[in-house]
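Excluded from the calculations below are hydrogen atoms, water molecules and symmetry mates; all remaining heavy atoms, backbone and side chain alike, are included.
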Amino acid sequence: MELDLTGDQVEILLRLVLRELNGICGDVEYEELSKVKRALVSGLERSASTEGVVEP
């Protein structure tokens with residue numbers, strides 16, 4: 001399933017996932033959230049590279 005999200009939406013989702021990863025969650029939830037985090041970071045990096053924006 002491919003979502004068409006804006007950069008701001010991706011950043012918000014990434015913050016929510018990171019907050020949840022830092023909280024209490026079980027091993028299965030942690031693995032699933034880690035997958036989501038990797039996908040969001042990858043999408044954000046692709047978005048930045050296609051817009052010519054270089055993240056520090």
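- Nearest heavy atoms, G7 versus L44: O-CD1, 4.0 Å.
- Summarising the geometry, atom OH belonging to Y30 is positioned 13.5 Å from atom NZ belonging to K35; distances are rounded to the nearest 0.5 Å.
- Electrostatic pairing of R38 and E31 counts as a salt bridge here, judged by a charged N lying under 4.0 Å from a carboxylate O.
- L16 and V10 are assigned to two separate hydrophobic clusters, defined by single-linkage of ILVMFWY side chains at heavy-atom distances under 4.5 Å.
- Taking CG from L14 and CZ from R19, the interatomic distance works out to 11.5 Å, rounded to the nearest 0.5 Å.
- In this structure, the side-chain hydrogen bond (donor to acceptor under 3.5 Å, both in side chains) partners of Q9, at least two apart in sequence or on a different chain, are T6.
- Listed here is the closest heavy atom pair of L40 and V17: CD1-CG2, 4.1 Å.
- Following chains of ILVMFWY side-chain contacts shorter than 4.5 Å, one cannot reach V36 starting from I12, and the two form parts of different hydrophobic clusters.
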